[in-house]
Amino acid sequence: MRGVLLLLGAIQLLVAFTPATRWWLEYLTGPWGKPEGSAMVVLGGEQIESGFIGRSSYWRAFYASHLWKRGHFSKILLSGGGDPAVAVQMKQLLRLGGVPDGSILLETKSESTRENAIEAARVKWAAGDVIVLVSSDFHMRRATGAFRRAGLKVTPCPAPDGIKQYLRITGRWSLALELAQETVKLVYYRLRGWA
């Protein structure tokens, strides 16, 4: 029992007080692209009960509206299903952030990152569209891989969701658990040839 407690204590110290979690996050984020393009795809994330969007969906929508104000985007595709669809809920945040209704496209069928990519590939993109992909930083390596496998050329533009958790010492443990889950999903996607 003492050995288990020592191991748990060592893991806690590693997660909270060393840069290991930050390095893990940086690996899953991958290289950052410049958020310049004519179109943006924003992936829906978590939902909580009663139809409210969760933290990751909020930060992705918030960051997308911020990019909209800085960039020269003609359209944003919000991608994510559910009941109600997370894309519809995120649209409300983008509208509050100043993105006009006519510039927002919705994709509400997808239930996974792979499905996000497949559905986004079905959209009739203009020949010159440069697509900026927005998702949580820790989700970006898998999302970029899935979109490229689906035949889309995307520039990754991570929303700083994980880094915000890392900057709060109390958020590092929950971040480490999310990174572990994302790592398992990334390995699974690569084994299946989806990313």
Pairwise distance [atom1]([X]) to [atom2]([Y]) - rounded to 0.5 angstrom:
X: K153; Y: R148; atom1: NZ; atom2: CZ; answer: 10.5 Å
X: L106; Y: M90; atom1: CG; atom2: CE; answer: 10.0 Å
X: R114; Y: R149; atom1: CZ; atom2: CZ; answer: 11.0 Å
X: D137; Y: H139; atom1: CG; atom2: NE2; answer: 11.5 Å
X: R70; Y: E36; atom1: CZ; atom2: CD; answer: 9.0 Å
X: I104; Y: M40; atom1: CD1; atom2: CE; answer: 10.0 Å

Search all heavy atoms of [X] against all heavy atoms of [Y] and return the closest pair with its distance.
X: S65; Y: G97; result: CB-CA, 4.1 Å
X: G80; Y: A85; result: O-CB, 3.7 Å
X: S135; Y: R60; result: OG-CZ, 3.2 Å
X: A87; Y: T108; result: CB-CG2, 4.3 Å
X: M140; Y: T29; result: CB-O, 3.5 Å
X: L152; Y: A121; result: CD1-N, 3.7 Å

Of all pairs that satisfy ring pair (Phe, Tyr, Trp, His ring centres under 6.0 Å), the ones with a partner from residues 173-195, not counting sequence neighbours: Y188-W194, Y189-W194

Side-chain H-bond candidate by donor/acceptor type, T183 with W24, under 3.5 Å: yes

Residues in salt bridge (charged side-chain N to carboxylate O under 4.0 Å, His left out) contact with D83, at least two apart in sequence or another chain: none

Could you check whether any side-chain heavy atom of [X] comes within less than 4.5 Å of a side-chain heavy atom of [Y], counting everything from C-beta outward?
X: I131; Y: F147; result: no
X: S57; Y: F52; result: no
X: H72; Y: S38; result: no
X: L77; Y: W125; result: yes
X: V123; Y: E107; result: no
X: I53; Y: L93; result: yes
X: L133; Y: L43; result: yes
X: K69; Y: H66; result: no

So, the side chain of [X] versus the backbone of [Y]: is there a donor-acceptor pair under 3.5 Å, distance only?
X: R95; Y: D101; answer: no
X: T113; Y: A143; answer: no
X: Q47; Y: P84; answer: yes

Candidate pair W68 and L94, rule side-chain contact (heavy atoms from CB on, under 4.5 Å), full reasoning: CA-CA 9 Å; W68 176 269; L94 265 68; over 6 Å; no

Grouping I, L, V, M, F, W and Y whenever their side-chain heavy atoms are under 4.5 Å apart, do [X] and [Y] come out in a common cluster?
X: L179; Y: L177; result: no
X: L78; Y: V88; result: yes
X: I118; Y: V154; result: no
X: I76; Y: V130; result: no
X: Y63; Y: Y58; result: yes

Parallel, tilted or perpendicular: rings of F62 and W59 (30°, 60°): perpendicular

Note: K109-E115 ion pair, threshold 4.0 Å (strictly below): no

Carboxylate-amine/guanidinium contact E119 R122, below 4.0 Å: yes

Just distance, no hydrogens or angles: give the donor-acceptor pairs under 3.5 Å from side chains in residues 159-166, sequence neighbours left out.
residue: D161; atom: OD1; partner: R55; partner atom: NE; Å: 3.1
residue: D161; atom: OD2; partner: S136; partner atom: OG; Å: 3.0
residue: Q165; atom: OE1; partner: S174; partner atom: OG; Å: 3.3
residue: Q165; atom: NE2; partner: E178; partner atom: OE2; Å: 3.1

